[in-house]
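Notes to accompany the following structure.
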Protein chains: 2
Amino acid sequence: MASKTPHALFPLIRKLESVTRLSASERHAIESLPVRVRTLSARQDIVRDGDLATQCCLILEGWAYRYKLLTEGRRQIFSFHIAGDIPDLQSLHIPLMDHNLATMTQATVAFIPHESMHALTARYPTIAAVLWRDTLIDAAIFRAWLIAMGRRPAFEHLVHLFCELYLKQEAVGLAGDHRCPLPITQNDLADATGMTSVHINRVLKEMRGRGLITLHRHTLVVKTWDELIRACEFDETYLHLQKRAVG
Amino acid sequence: MASKTPHALFPLIRKLESVTRLSASERHAIESLPVRVRTLSARQDIVRDGDLATQCCLILEGWAYRYKLLTEGRRQIFSFHIAGDIPDLQSLHIPLMDHNLATMTQATVAFIPHESMHALTARYPTIAAVLWRDTLIDAAIFRAWLIAMGRRPAFEHLVHLFCELYLKQEAVGLAGDHRCPLPITQNDLADATGMTSVHINRVLKEMRGRGLITLHRHTLVVKTWDELIRACEFDETYLHLQKRAVG
DNA sequence: CGCTAATTTGACCTGGATCAACTACGGTGG
DNA sequence: CCACCGTAGTTGATCCAGGTCAAATTAGCG
């Protein structure tokens with residue numbers, strides 16, 4: 001491994017190997033996937049609601065998010081994505097998009113044709129299983145968001161989201177020392193939580209006031225992790241994070 | 001086909017064939033799955049939050065639902081399931097349950113060991129793909145629920161849910177003529193939509209008043225489908241229903 | 001018939017929305 | 001270096017959708 005130059009799909013391989021051990025041929029098959037790497041500017045749609053997707057998008061760097069627009073300017077954000085994620089993996093089996101995928105920040109992404117993914121998963125059931133699993137975790141996160149929307153008050157809801165985003169980043173080495181990037185606006189937080197940006201602002205003020213967190217210049221600083229966990233009954237099980245199998 | 005006695009897994013085969021054509025050996029492999037058929041009474045847990053699942057549960061008759069409990073008696077319902085659904089298919093790749101699955105009504109279910117499912121999907125990528133697709137639609141429905149929770153007022157939200165439940169049942173022949181079973185209480189509707197049962201009751205009254213629907217004795221009667229659709233900007237794309245490939 | 005769970009209604013309350021400024025700040029161009 | 005501008009964040013005042021509490025009323029069901 002150390003002798004090879006890092007492959008563009010390394011983030012994907014790392015993710016798969018955190019769940020299962022890949023054989024040499026499996027690893028080789030992945031590395032042979034045809035990829036098109038692109039750098040996109042912030043706030044740019046990657047696939048749109050209504051599109052027929054023909055490729056998947058692996059995030060190599062930066063943030064992306066998924067959302068849907070309703071009438072009267074309403075917007076619902078479904079998820080935030082970081083390096084290693086394939087936010088539109090679901091399009092592999094449901095090509096007709098029912099929502100949008102866009103960059104949040106400037107981002108580097110790798111596009112992989114569905115065709116190649118289908119060939120890969122048909123030949124290597126293990127790889128198919130791990131990718132499938134990934135989409136299931138995606139769904140588990142949706143369920144967590146449903147709980148937050150339906151049964152948590154605003155304060156708890158937002159704390160819960162922060163815990164999730166911190167842990168997701170920590171798992172891939174993007175967060176640490178109680179601090180992580182959070183390159184999203186209060187308006188985005190509002191559309192992710194079903195609130196208004198005004199109320200997000202007030203809840204953040206309250207969180208600062210209680211000495212739980214700080215959110216400044218797109219950086220989240222967690223003051224007291226334990227209290228944060230307690231403030232929202234956070235149970236990380238649903239994220240199904242592995243203990244860093246591969247460095 | 002007509003010469004065979006109906007197999008217990010026929011609802012599953014029908015679902016798979018509505019998406020793809022199965023070869024004789026694929027069909028045979030499914031019919032050879034070891035199943036344990038049971039009839040359960042209403043409101044009985046099938047798998048619990050925290051359990052390590054070892055089998056999947058195919059619903060043959062009746063309703064099931066998934067939910068999670070929080071402190072102070074809060075409950076969030078994630079989904080309702082009918083014949084043909086495998087509500088815990090996700091446990092195949094994430095055995096550690098992060099929520100509960102229970103019957104809503106008395107129900108007949110078929111249990112299939114994970115082991116057999118793994119063997120089946122490893123051998124038949126096509127079957128794996130269709131089952132994977134099914135879990136992706138599950139996720140698509142979660143997204144629709146997120147929108148409803150986050151960005152729809154109560155009335156619209158509930159109308160949307162009714163449209164979804166009607167169409168899901170219609171697709172498998174359980175609804176028709178603007179009428180379908182809805183064997184759930186107003187309290188369940190409340191926990192599914194993030195409201196209180198009092199408010200559900202008032203919204204239902206309003207819906208009756210506007211002549212949109214009737215909900216009585218666990219039967220939903222749609223008075224004017226078009227208005228219902230319009231009242232909640234319903235777009236059925238996310239359900240990815242097939243045009244009845246197999247009868 | 002009687003018991004329990006489910007539905008319905010009324011009175012009142014509140015978390016978060018709405019509306020409307022105002023402030024801070026990172027560019028950008030002169 | 002500063003003036004300008006657009007985006008994002010902050011704050012106050014007021015409002016209302018939906019929650020809470022409590023008490024009937026009705027439906028199932030053994």
Side-chain angles (χ1 to χ4, degrees), chain A residues 41-44 63 65 70 72-77 104-106 148-161 181-209 213-221 231-232, chain B residues 41-44 63 65 70 72-77 104-106 148-161 181-209 213-221 231-232:
Chain A
S41 54
R43 306 279 175 175
Q44 208 179 314
W63 280 47
Y65 71 114
L70 276 73
E72 294 150 57
R74 289 175 292 176
R75 179 179 64 151
Q76 179 63 48
I77 291 178
M104 182 65 88
T105 63
Q106 188 186 83
M149 293 263 230
R151 289 301 181 225
R152 292 186 199 278
F155 188 90
E156 211 177 301
H157 187 166
L158 200 53
V159 171
H160 197 274
L161 178 58
L182 205 75
I184 63 186
T185 67
Q186 294 184 4
N187 195 40
D188 296 322
L189 287 172
D191 286 342
T193 55
M195 307 178 206
T196 55
S197 58
V198 171
H199 200 235
I200 288 287
N201 186 278
R202 289 182 172 130
V203 172
L204 286 174
K205 186 180 177 179
E206 165 84 4
M207 289 175 61
R208 254 182 275 120
I213 61 123
T214 270
L215 180 51
H216 198 48
R217 298 169 139 278
H218 289 169
T219 299
L220 173 71
V221 179
C232 67
Chain B
S41 55
R43 306 279 174 174
Q44 207 179 315
W63 279 47
Y65 72 115
L70 277 72
E72 295 150 56
R74 287 174 292 175
R75 178 180 64 150
Q76 177 64 49
I77 291 180
M104 182 65 89
T105 63
Q106 186 186 86
M149 293 265 230
R151 290 297 182 229
R152 292 189 201 274
F155 188 90
E156 212 177 300
H157 187 166
L158 200 54
V159 172
H160 197 274
L161 178 59
L182 206 74
I184 64 186
T185 67
Q186 294 184 8
N187 196 39
D188 296 323
L189 287 173
D191 286 342
T193 55
M195 306 176 206
T196 57
S197 59
V198 172
H199 200 237
I200 288 286
N201 186 278
R202 290 183 170 130
V203 172
L204 286 174
K205 186 178 179 183
E206 164 84 5
M207 288 174 61
R208 252 182 276 121
I213 61 126
T214 271
L215 178 51
H216 198 46
R217 299 169 136 278
H218 290 169
T219 299
L220 173 71
V221 179
C232 67

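A note on names: the letters A, B, ... follow the listed sequences, proteins ahead of strands, and every chain is numbered from 1. Any value given below was found using the heavy atoms of this structure, including those in side chains, with hydrogens, waters and symmetry copies removed.
As rounded to whole Å, 17 Å separates atom P of C:dA5 from atom CE of B:M104. As a whole-Å value, the separation of B:E206 CD from D:dG18 P is 11 Å. As rounded to whole Å, 14 Å separates atom P of C:dA6 from atom CG of B:L215. For A:N187 and D:dT10, the CG to C1' distance is 14 Å, given to the nearest whole Å. Nucleotide D:dG18 holds its C1' atom 15 Å from the CD atom of B:E156, rounded to whole Å. In this entry the distance linking CG of B:L182 with C1' of C:dT7 reads 15 Å, nearest Å. For the pair A:L189 CG and D:dT10 C1', the computed distance is 15 Å after rounding to whole Å. Taking atom CD of B:Q186 as the reference point, atom P of C:dA6 lies 11 Å away to the nearest angstrom.
Legend: residues meeting ring pair (Phe, Tyr, Trp, His ring centres under 6.0 Å) with B:H160, ordered by chain and number and at least two apart, are B:F234, B:Y238. Qualifying side chain to side chain donor-acceptor pair (under 3.5 Å) partners for A:Q106, counting only residues two or more places apart in sequence or in other chains: none. Not counting sequence neighbours, the partners of B:R43 by the side chain to side chain donor-acceptor pair (under 3.5 Å) test are B:D188. Evaluation of the side-chain contact (heavy atoms from CB on, under 4.5 Å) rule for B:P183 yields B:W63, B:T105, B:P181, B:H218 as partners, not counting sequence neighbours. Under the rule for a ring pair (Phe, Tyr, Trp, His ring centres under 6.0 Å), the partners of A:Y65 that lie at least two apart in sequence or sit in another chain are A:Y67.
Residue pairs meeting the salt bridge (charged side-chain N to carboxylate O under 4.0 Å, His left out) criterion with at least one partner in residues 148-160 of chain B, sequence neighbours excluded, are A:R74-B:E156, A:D191-B:R151, B:R152-B:E156.
Between atom CG of residue B:L220 and atom CG of residue B:L161 there is a gap of 9.5 Å, rounded to the nearest 0.5 Å.
The bend of the helix from C:dC1-D:dG30 to C:dG30-D:dC1, defined by the angle between the axes of its first five and last five pairs, stands at 50° to the nearest 10°.
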Once each nucleotide of nucleotides 12-22 of chain C is scored for protein heavy atoms under 4.0 Å, what B/S/- sequence comes out, 5' to 3'? ----SSBB---
Contact string for nucleotides 24-30 of chain D, one letter per nucleotide 5' to 3', B = base within protein heavy-atom range under 4.0 Å, S = sugar-phosphate only, - = neither, reads ----S--
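A heavy-atom distance below 4.5 Å is not found between the side chains of B:T219 and B:T214.
For the pair B:L158 and B:M207, the tightest heavy-atom approach, listed with the atom from each and the gap, is CD2-SD, 4.3 Å.
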Stepwise side-chain contact (heavy atoms from CB on, under 4.5 Å) test for A:V203 and A:V159: CA-CA 9 Å; A:V203 172; A:V159 171; over 6 Å; no
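For the OP1/OP2 pair of C:dT7 and a distance below 4.0 Å, the side-chain nitrogens and oxygens of B:N201 include no atom meeting the criterion. Regarding contacts with the backbone of C:dT9, a side-chain N or O of B:K205 is found under 4.0 angstrom from either OP1 or OP2.
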Could you list the donor-acceptor pairs under 3.5 angstrom formed between side-chain atoms of residues 193-202 of chain B and any protein atom two or more places apart in sequence or on another chain?
unit_1	atom_1	unit_2	atom_2	d
B:T193	OG1	B:L189	O	2.7
B:T193	OG1	B:A190	O	3.3
B:T196	OG1	B:H199	N	3.3
B:N201	ND2	B:Q186	OE1	2.9

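Residue contacts shown for B:R208 are limited to sugar-phosphate atoms, with no base heavy atom under 4.0 Å away.
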